[in-house]
Amino acid sequence: MRRIRKFAIVVWHTFCKQVKSWSFVMLFSVPLLLLAVTFGTEYFIINSMGDTYAVVSNNPEISKPFVKANVEDYVDDTIKTVSIAKKSLQNVDIDGYVDIEVKRGQIQADYFGTKKIDSKFKKRLVKYLKQLQNERSKKDSKLNSSQTHLTPVLSEHLQKMTINLGEDPHLFLSTIFGIMFVIVGIYTNITAQEIAADKGTKIIEVIFSSISAVKYFTGKITGILGLVVFQLLIYLIIGATGLEMIKHIPQAAPFMAQTNLLAYARAIVQSLLGIKLVYLLLGIILFMILAAYCGAVVKRTEDASKAAQPVTYFSFVILFIGLISSNISTLKNPIIVFLSFIPGFSSFFMPLRLITKTANNWESAFSLLILIGCIGLLVFSVGKSYKRLMLQNDSKPFWQKLKKS
């Protein structure tokens with residue numbers, strides 16, 4: 001029980017020490033400020049631009065006059081068929097399209113879009129449809145008494161944009177890239193500096209007399225991992241709260257529809273749930289252990305960030321390979337399949353293979369066992385030599401000491 005309490009003290013002390021530091025405040029606030037500036041800029045750009053629609057019909061003579069009259073401010077006159085309009089809407093090139101048809105002498109218009117039709121555009125459209133209906137009623141002498149009082153119908157069909165991660169793994173890859181770029185790129189330095197800060201001090205000798213080096217090392221890694229999870233949870237809470245508030249702001253409706261922010265947010269959260277989140281966290285732990293090992297080797301705390309650079313570069317190389325290998329055909333390549341079982345690489349490639357259904361559950365379980373086994377072996381081996389590394393204080397070059405250790 002006492003051993004567990006000592007381990008918990010190390011974890012808690014490491015966590016609190018980092019949370020109270022100014023570096024964590026910067027780590028927490030800078031990404032949020034960058035996101036706020038990015039989305040704020042996009043919001044003002046989108047709101048400064050007018051809505052764009054396509055107006056099509058199986059009879060071009062019906063839609064042509066309206067298109068010609070509104071081409072300067074509302075209508076895209078390059079879209080002339082329903083199929084092209086559907087594709088343009090899917091690609092978010094337009095805000096919606098109107099399909100005008102004549103059924104039993106009545107003008108019927110169907111609007112399809114991701115948001116409600118603009119009020120000014122709607123007034124123009126309704127006015128044109130009434131004019132069109134009147135002209136048709138006058139020309140068609142065969143109309144009976146009930147048909148002469150026909151009024152045009154405008155129906156609105158709002159569509160929700162969906163993102164299929166199974167068909168397009170790029171969203172998951174960009175999410176992982178963003179998370180790993182921030183976490184691995186920054187927390188490897190924090191881990192190395194945290195470990196190097198105790199290097200050669202008298203207090204470390206006292207600590208090792210009361211707790212084993214393996215437990216102390218594991219406690220340090222666990223405390224920093226808790227910091228990572230804490231930061232991600234804060235981002236998740238802020239993101240969910242922010243999206244919920246934006247949904248109820250009328251002025252933000254065009255921005256939400258144009259960017260499909262809710263659909264992307266749901267897809268990103270779904271992409272990180274389940275086994276993929278386990279792979280992500282285990283990958284972070286692996287890189288943190290390697291960074292901690294580099295931090296234990298250096299002589300001075302100032303050299304810790306430089307010592308962690310090989311680990312950071314290694315993670316970026318893996319991410320780069322992932323970027324050029326994110327399509328389904330490449331993920332079936334034997335080399336990529338092999339790399340999805342190698343610790344370090346597996347945290348990126350196996351989740352991608354699972355999303356694209358190019359790997360089954362047995363392969364995932366086997367890859368996960370290898371990754372967990374590798375982490376356990378690293379913790380044990382680094383922990384065993386941790387005491388010796390922390391107490392040695394020679395002036396040999398970093399690479400020579402790394403090779404010797």
For the pair V98 and Y53, evaluate side-chain contact (heavy atoms from CB on, under 4.5 Å) and give the outcome as yes or no after the intermediate values. CA-CA 8 Å; V98 179; Y53 302 98; 5.5 Å; no
Run the numbers on I237 and I234 for side-chain contact (heavy atoms from CB on, under 4.5 Å), then give the verdict. CA-CA 5 Å; I237 293 169; I234 291 176; 5.8 Å; no
Test I370 against S346 for side-chain contact (heavy atoms from CB on, under 4.5 Å), laying out the working first. CA-CA 9 Å; I370 295 174; S346 60; over 6 Å; no
For the pair N59 and V102, evaluate side-chain contact (heavy atoms from CB on, under 4.5 Å) and give the outcome as yes or no after the intermediate values. CA-CA 9 Å; N59 183 2; V102 181; over 6 Å; no
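Applying the side-chain hydrogen bond (donor to acceptor under 3.5 Å, both in side chains) test to residues at least two apart or on different chains, the pairs with a partner in residues 334-343 are S340-R353.
Using a 4.5 Å heavy-atom cutoff, the side chains of F314 and F287 are in contact. For the pair I289/L286, no side-chain contact is recorded, criterion being any heavy-atom separation below 4.5 Å from C-beta on.
With sequence neighbours left out, F366 forms a ring pair (Phe, Tyr, Trp, His ring centres under 6.0 Å) with F341. Contacts of S88 classified as side chain to side chain contact (heavy atoms under 4.5 Å, CB included), with partners at least two apart in sequence or in another chain: I79, I84, D93, I94. In terms of the side chain to side chain contact (heavy atoms under 4.5 Å, CB included) criterion, residue partners of N360 (sequence neighbours excluded) are, by chain and number, W362, E363. With sequence neighbours excluded, no residue forms a salt bridge (Lys or Arg N to Asp or Glu O under 4.0 Å) with K120. Partners of K87 by side chain to side chain contact (heavy atoms under 4.5 Å, CB included), not counting sequence neighbours, listed by chain and number: N91. Contacts of S155 classified as side chain to side chain donor-acceptor pair (under 3.5 Å), with partners at least two apart in sequence or in another chain: none. In this structure K68 satisfies the salt bridge (Lys or Arg N to Asp or Glu O under 4.0 Å) test with no other residue, sequence neighbours excluded. For the ring pair (Phe, Tyr, Trp, His ring centres under 6.0 Å) test, residues two or more places apart in sequence or in another chain that qualify with F15 are W12, F230. For F66, the ring pair (Phe, Tyr, Trp, His ring centres under 6.0 Å) criterion is met by F121, Y128, not counting sequence neighbours. Applying the side chain to side chain contact (heavy atoms under 4.5 Å, CB included) rule to I372 yields the partners L282, L368; only residues at least two apart in sequence or on another chain are considered. K80 is linked by a salt bridge (Lys or Arg N to Asp or Glu O under 4.0 Å) to nothing, counting only residues two or more places apart in sequence or in another chain.
Interatomic distance, CD1 of I100 versus OG of S63, reported as 6.0 Å (0.5 Å rounding). To the nearest 0.5 Å, the span separating CG on L125 from CD1 on I117 amounts to 5.5 Å. In this structure, the separation between NZ on K220 and NZ on K17 is 5.0 Å, given to the nearest 0.5 Å. The NZ atom of K122 lies 6.0 Å from the CG atom of L154; values are rounded to the nearest 0.5 Å. Here the OG1-CD1 distance, from T218 to I285, works out to 11.0 Å after rounding to the nearest 0.5 Å. The distance from the CE atom of M288 to the CG atom of L227 is 8.5 Å, given to the nearest 0.5 Å.
Taking the ring centroids of F349 and F338, they lie at or beyond the 6.0 Å cut-off.
A side-chain donor-acceptor contact under 3.5 Å links S347 to the backbone of Y279. Distance alone, capped at 3.5 Å, places no donor-acceptor pair between the S367 side chain and the S364 backbone.
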